[in-house]
Every structure is written in C-alpha cells, then in structure tokens.
Amino acid sequence: MQMKQKVYELYKGTVERVTGPRTVSAFLEKGVLSVPEFILAGDNLVSKCPTWSWEAGDPSKRKSYFPADKQFLVTRNVPCLRRVVSVEEEYDAARAEVVLDDDDGDEGWLATHGVEASSSKEEEDIPSMDTLDIGKAEEIKSIPSYFGTGEKQDEEEDIPDMDTYEDTGDNSATNQPSYFIAEEPEDDNILRTRTYDISITYDKYFQTPRVWLTGYDESGMPLEGELMFEDISQDHAHKSVTIEDHPHLYGEKHASVHPCRHAAVMKKIIDVLVSRGVEPEVDKYLFIFLKFMASVIPTIEYDYTMDFDLGSSSS
C-alpha cells in the first residue's frame with residue numbers, strides 16, 4: 001500500500017508540475033474551485049470565523065500561484081474531547097441517524113446524532129409533583145415574620161452587650177498569619193483533552209480544498225499516526241485518510257483526508273441546494289466543505305458556523 005501511494009504521489013506531482021492551475025470557474029458545474037475562488041472563500045472563512053487564519057508556510061515550499069502570505073488556512077488548538085469509537089457506539093445504540101430539513105421530501109443533511117436510548121429511563125426517574133410535600137410540612141410564614149416584626153424586643157435581649165466583654169489581652173486573632181496557603185486542585189477536577197491543528201490547502205490536481213491534521217495529547221506531545229486515527233471516522237481511517245508530509249510545512253507527519261471524492265460530494269450538495277431554490281455562492285464554499293468534513297472528524301470541534309444563508313434565494 002505504501003509503495004502504491006508513493007507511485008501515485010509521484011504521478012500526481014508530475015501532472016501538477018506540467019499543468020497550470022485552474023483559472024476558470026467550474027464551481028456549479030463540477031464542484032471544484034479555481035485558485036482565485038479558493039482565496040475568495042478563504043478570505044470569507046477568516047472574516048466570519050476568526051479562529052482561522054492564512055499562513056505563509058515554509059518559503060521553500062511556496063506555490064507561486066498563491067500570494068506569499070496566503071498559502072494555506074489553519075486553525076490551532078482545536079479541542080477533541082472524545083474518541084470517535086465511543087461516539088459511534090452511542091449512535092449505534094441509539095440508532096439515531098436522521099435526515100434533517102426534509103420537509104419537501106428532498107434529500108436532506110444526514111445527522112448521525114440524536115436522543116440516546118437511555119433518555120426514556122431518565123424520564124422515568126423524574127418524580128411526580130404529587131409525590132412532593134411542598135407546602136404540606138410547614139405553612140409559609142408571612143413576610144413580617146421573616147423580618148422579625150413583633151419579635152424585635154426578644155432578639156435584642158439575646159444580643160450580648162459589648163460592655164460585658166473584658167479585654168483579656170489575648171489577641172490571638174491578630175497573631176494569625178496575614179496570608180492564606182493555596183492548595184493545588186485535585187488532578188481529577190482538571191479536564192485534559194487532545195487538541196488538533198487543522199489546515200486547509202488547495203489541491204491543484206483535484207482543484208478542491210484538502211484537510212490536514214496534526215494532533216497533540218493531553219500533555220501537548222505530538223500524537224502518532226495510529227492515535228490520530230482514533231479521532232477519525234472508522235469508515236475513513238486507513239482508507240481515505242492517510243499519514244503524509246504537509247505540502248507547505250516541514251516536521252511532523254499529518255493525517256490527510258484524500259480529496260479524490262471532494263468535488264463529487266460538493267457537486268451533490270450544490271445540486272441539493274439548487275433544487276431547493278438556493279443559488280450557492282462560491283465565497284461560502286469552505287463553510288459547506290467543512291460541514292460535510294465533520295462527518296470524517298466528528299469529535300474535533302473546529303469552527304465553521306456562520307449566521308447567514310449558504311446562498312441567495314433564486315426567488
């Protein structure tokens with residue numbers, strides 16, 4: 001498999017060297033991006049989600065068809081609280097795959113999350129209001145009784161007079177140290193989690209974005225490849241996700257989601273939006289892209305939210 005991958009990368013690199021980058025838009029027709037469209041979509045992502053930013057990368061790996069300071073996009077220290085296997089087991093137990101936004105009978109978003117099977121048991125444990133003795137054990141006092149009206153004289157007699165105290169000369173209270181000793185919190189009370197740096201590059205061969213991941217454990221040490229696969233959907237790990245060198249960086253190996261199917265998936269999503277009367281706009285491409293990419297890395301909580309529509313209405 002490794003030899004096959006090396007041969008493929010050699011072929012792909014040769015094709016990229018002898019062909020120029022796409023400059024004509026085929027966003028709606030093929031689901032791909034030209035270089036200017038990728039930059040436009042990247043600028044919009046950075047504008048709407050400040051956790052993302054453009055990076056220059058290593059100067060020796062720069063692509064001449066991109067600005068020097070906009071070689072790829074990155075978001076760092078993204079939390080990953082759970083392993084994918086545990087989440088997938090919960091989905092299977094709940095059988096909670098549902099299609100969202102399917103009011104008109106059209107194809108909708110597949111949501112692999114829902115109510116867990118244990119929720120009905122939790123509802124049974126909620127006590128009925130009839131079983132509670134609220135208001136039965138004791139009458140509610142009137143407001144004056146809470147403030148002591150009518151009993152003020154008795155309370156004043158119970159308060160000792162300061163004149164009855166003698167100064168014994170014991171100033172132990174003032175002899176106490178004027179500082180407090182802080183204690184370290186219990187380790188069990190500290191939530192330690194994996195984090196990821198996620199980058200998006202432009203793949204010249206497939207003319208689509210490509211996602212790269214490098215993970216760190218709870219102590220900030222880089223994760224080995226097999227450990228990163230624990231945070232990738234098992235339908236994609238070792239298949240469409242492989243461990244490779246980053247095209248713009250030297251150093252740690254990165255897990256990469258292979259882009260061979262990205263254009264086809266994006267085209268299908270675009271067709272669904274068009275069928276619903278929405279005209280997808282190319283500057284929002286990366287928001288749509290990151291939405292479907294969440295099915296590959298569902299527990300890595302990167303930002304791709306936005307407070308506007310994915311496209312403009314054709315009506």
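Note that the coordinates shown come from a computational prediction; the quantities given were computed from them, not determined experimentally.
Proximity of Leu40 to Asp283: side-chain heavy atoms (C-beta onward) are separated by under 4.5 Å at one or more points. Within the 4.5 Å cutoff, the side chain of Arg194 has heavy atoms near those of the Leu223 side chain. Proximity of Pro280 to Tyr285: side-chain heavy atoms (C-beta onward) are nowhere separated by under 4.5 Å. Taking the side chain as every heavy atom from C-beta outward, Leu81 and Glu301 approach each other to under 4.5 Å. Looking at Leu73 and Ser199, their side chains never come closer than 4.5 Å, going by heavy atoms from C-beta outward. Contact check for Met293 versus Tyr304: no side-chain heavy atoms found under the 4.5 Å cut-off. Using a 4.5 Å heavy-atom cutoff, the side chains of Thr208 and Phe38 are not in contact. In this structure, Val74 and Ser53 have side chains that are in contact, with non-hydrogen atoms separated by less than 4.5 Å.
Side-chain N or O atoms of Gln71 include one that pairs as donor or acceptor with a backbone N or O of Pro67 at under 3.5 Å. A donor-acceptor pair under 3.5 Å links the side-chain atoms of Tyr302 to the main chain of Leu290, judged by distance alone. Remark: side-chain polar atoms of Trp54 are not paired, donor with acceptor, to backbone N or O of Ile39 under 3.5 angstrom. Ser47 contributes no side-chain N or O that, together with a main-chain N or O of Asn44, makes up a donor-acceptor pair within less than 3.5 Å.
There is no side-chain donor-acceptor pair under 3.5 Å between Arg83 and Thr299. A donor-acceptor pair shorter than 3.5 Å cannot be found between the side chains of Asp197 and Trp212. Remark: the His258 side chain and the Thr242 side chain contain no N/O donor-acceptor pair separated by less than 3.5 Å. Judged purely by distance below 3.5 Å, without hydrogens or angles, the side chains of Thr193 and Glu218 never pair a donor atom with an acceptor atom.
Across all non-hydrogen atoms, the minimal contact from Thr214 to Met228 is CA-SD, 3.9 Å. Taking all atoms of both residues into account, the shortest heavy-atom contact from Ala237 to Phe229 is CB-CD2, 3.7 Å.
Note: the hydrophobic cluster containing Val211 does not contain Leu249 (ILVMFWY, side chain heavy atoms under 4.5 Å, direct or indirect links).
For NZ of Lys61, the number of neighbouring non-hydrogen atoms (other residues, nucleotides, ligands) closer than 6.0 Å is greater than 12. Within a 6.0 Å radius of CD in Glu224, no more than 12 heavy atoms belonging to other residues, nucleotides or ligands are found.
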**Request:** Apply side-chain hydrogen bond (donor to acceptor under 3.5 Å, both in side chains) to Ser34 and Gln207, showing your working.
**Result:** CA-CA 7 Å; Ser34 66; Gln207 301 170 2; over 6 Å; no
